[in-house]
Structures are given as structure tokens and as C-alpha cells.
Amino acid sequence: MCGRFSITLPSDAMAQLFAAQPDNDLPGVPDYNVCPTNRIHAITGGEAAPRRLTAMRWGFLPHWYKKTNGGPLLINARGETIAEKPAFRSAVRQRRAIVVATGFYEWTRTPEGERDPWHIFASDGAPLAMAAIWQDWTGPEGETLRTCALVTTAANKTMSRIHHRMPVILAPDDWPLWLGEAGQGAARLMAAATEDALDMYRVDRQVNSNRAKGPGLTEPV
DNA sequence: CCAGACGTTGTT
DNA sequence: GTCTGG
DNA sequence: CCAGACGTTGTT
DNA sequence: GTCTGG
């Protein structure tokens with residue numbers, strides 16, 4: 001679940017929305033087809049640290065991976081088990097972030113096995129604040145990557161129409177707690193959004209290709 | 001002790 | 001079937 | 001996440 | 001690096 005998304009909000013508007021200081025090397029927007037291993041926009045914070053809008057690689061690399069493909073591509077982390085998993089436990093305690101999106105894609109399958117894509121977005125039109133964890137990784141030649149994974153949870157009734165998992169979407173009031181700016185207790189935030197929070201529609205199969213581009217990808221069919 | 005896993009999704 | 005690319 | 005490659009030799 | 005299995 002949540003293996004593709006769209007982002008249309010300009011970086012400066014993103015920085016303003018989250019009251020974050022933007023870095024200089026942010027990914028280009030709009031991007032209607034953000035894929036695993038791409039650079040994405042993320043918000044970080046903390047008790048002492050100012051909020052930053054920063055770029056991360058979507059695909060979490062535990063520090064023991066020897067190569068970027070030294071293990072499975074970790075684009076999602078299950079909220080139910082994230083605190084115990086060796087790969088994620090220290091990140092969920094110390095390095096939580098918000099990944100900003102306009103909407104995300106999910107696929108259903110026809111009886112013939114074809115993939116039908118859907119675009120899911122906030123009912124009120126606001127950008128989505130997706131819960132994430134991040135990890136810095138250093139490769140064999142000393143190269144470094146700031147990597148992240150999206151936290152997932154069981155689908156609510158609305159989403160279960162198309163899929164049994166969904167990303168954790170954070171309401172604005174919950175941003176400080178998730179970012180570690182408001183003490184302990186972030187674990188309670190790893191839950192499904194309320195039933196009326198998200199809306200969805202079928203989009204064209206052209207988004208099935210990771211090379212597809214353009215605003216047509218999120219238009220309803 | 002050493003060796004090997006460490007993860008998610010979906011499908012069967 | 002499995003891995004890589006995006 | 002889905003789509004597409006999955007190979008060698010030699011020539012441009 | 002850290003945990004599990006044997």
C-alpha cells in the first residue's frame with residue numbers, strides 16, 4: 001500500500017503550511033508520479049530543532065545495509081509492529097517526519113489481473129501529512145543518504161473499499177506530537193484517518209507506468 | 001558460541 | 001520467477 | 001507501487 | 001548494530 005503518490009504544492013507553500021525552513025535542494029514540483037527511491041519532501045522537527053522542509057530518499061535503509069539494494073526496499077513500515085522491528089525501532093522513537101503529498105495512489109485488480117489505479121486525497125482539498133520515519137545511511141564509498149518510510153495502518157471503512165492498508169495521515173493538531181515537539185505519546189497517532197477525511201476516484205491506467213508524467217494522472221475517469 | 005535475519009505487500 | 005528502475 | 005528486463009558479440 | 005535460532 002501507498003507505493004506511489006502525487007505532490008502539487010509548491011515548496012514555498014509547503015514550508016509556509018508547516019512553518020518550516022526550506023532546504024535549498026528540494027525535489028521539483030509538481031510531480032504527479034512520485035515513486036519509491038525518488039527524492040521526496042519531508043518535514044522534520046524536535047524539542048530543540050527548528051522545523052525543516054528537507055529532501056529524503058523514499059526507501060528506508062537500515063544502517064547495516066551494505067548497498068542500497070542490500071535488502072528489501074522498505075517504503076512502508078507497519079504501525080502495529082514498528083516499535084519492535086530492529087530496522088525501525090530507533091527511528092520511530094527518535095526520527096519521525098511528515099511526508100507531504102497531494103494524494104496517493106492505490107490499485108485494485110480486475111479478475112483478469114489488470115491493475116486499476118485510484119487517487120486518494122483529503123476531502124477538504126488540503127495537502128496530506130503522511131507519517132514517516134527516517135534514517136541516515138552511509139554507503140561503502142562514504143556517500144550518505146537521508147532515507148524514509150511511510151507508516152501504514154489498517155484501512156478504515158472508506159478505504160477498505162479498495163485496499164486493506166492505508167498510510168497514517170496526521171491532522172494539523174497532531175503534527176507537533178508526531179514531530180517530537182510536544183513530548184511523548186506519538187504512538188497513539190498511528191491510526192487510520194476518520195471516515196470522512198479522504199475521498200477517492202479512479203484514474204487512468206497511464207499512472208501504472210513509473211515514467212508517466214503530468215496532471216492527467218490525477219484526473220478522474 | 002556463530003550464522004543469519006533484519007521487511008511490506010499481496011497471493012496462495 | 002525475480003530483480004531493477006523509476 | 002507497477003512495468004519491464006532477464007544476454008553476448010561486435011560495430012557504430 | 002542487535003536479535004533469534006540452533
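Within every chain, numbering begins at 1; the chains are lettered A, B, ... in the order of the sequence lines, protein sequences first and strands thereafter. Computation of the quantities below employed the complete heavy-atom set of this structure, encompassing side-chain atoms and omitting hydrogens, waters and symmetry-equivalent molecules. Every value quoted in this text rests on a predicted model; they were computed, and no experiment measured them.
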*Hydrophobic clusters join Ile, Leu, Val, Met, Phe, Trp and Tyr when side-chain heavy atoms are under 4.5 Å apart, directly or via other members; which others share one with V203(A)?*
Y32(A), Y105(A), W107(A), F121(A), Y201(A), V207(A), L217(A)
_Atom-to-atom span, CH2 of W64(A) to C1' of dG7(B) - whole angstrom_ = 10 Å
*Euclidean distance for P, dG6(C) against dA3(B) (whole angstrom)*: 37 Å
*Is atom CD of Q184(A) surrounded by more than 12 heavy atoms (other residues, nucleotides or ligands) closer than 6.0 Å?*
no
*asked:* What is the separation between atom CG on L73(A) and atom C1' on dC6(B), rounded to the nearest whole Å?
replied: 15 Å
*asked:* In this structure, how many angstroms lie between the C1' atom of dG6(C) and the CG atom of L217(A), rounded?
replied: 13 Å
*Any side-chain N or O of R89(A) under 4.0 Å from OP1/OP2 of dC3(E)?*
yes
*Using the P atom on both, measure dT11(B) against dC2(D) and round to a whole Å.*
8 Å
*What is the distance, rounded to the nearest whole Å, between atom NZ of K85(A) and atom P of dT9(B)?*
11 Å
_Any salt bridge linking D23(A) with R52(A)? Criterion: basic side-chain nitrogen under 4.0 Å from a carboxylate oxygen._
yes
*asked:* In whole Å, measure the gap between the P atoms of dT9(D) and dG1(C) for me.
replied: 29 Å
_What verdict does the side-chain contact (heavy atoms from CB on, under 4.5 Å) test give for I40(A) and F5(A), after you've listed the backbone C-alpha separation in whole Å, the side-chain angles of each residue and the deciding distance to 0.1 Å?_
CA-CA 10 Å; I40(A) 53 82; F5(A) 63 88; 3.5 Å; yes
_For dG5(E), give the paired nucleotide (Watson-Crick: N1-N3 plus N6-O4 or O6-N4; G-U: N1-O2 and O6-N3; both under 3.5 Å), or none._
dC2(B)
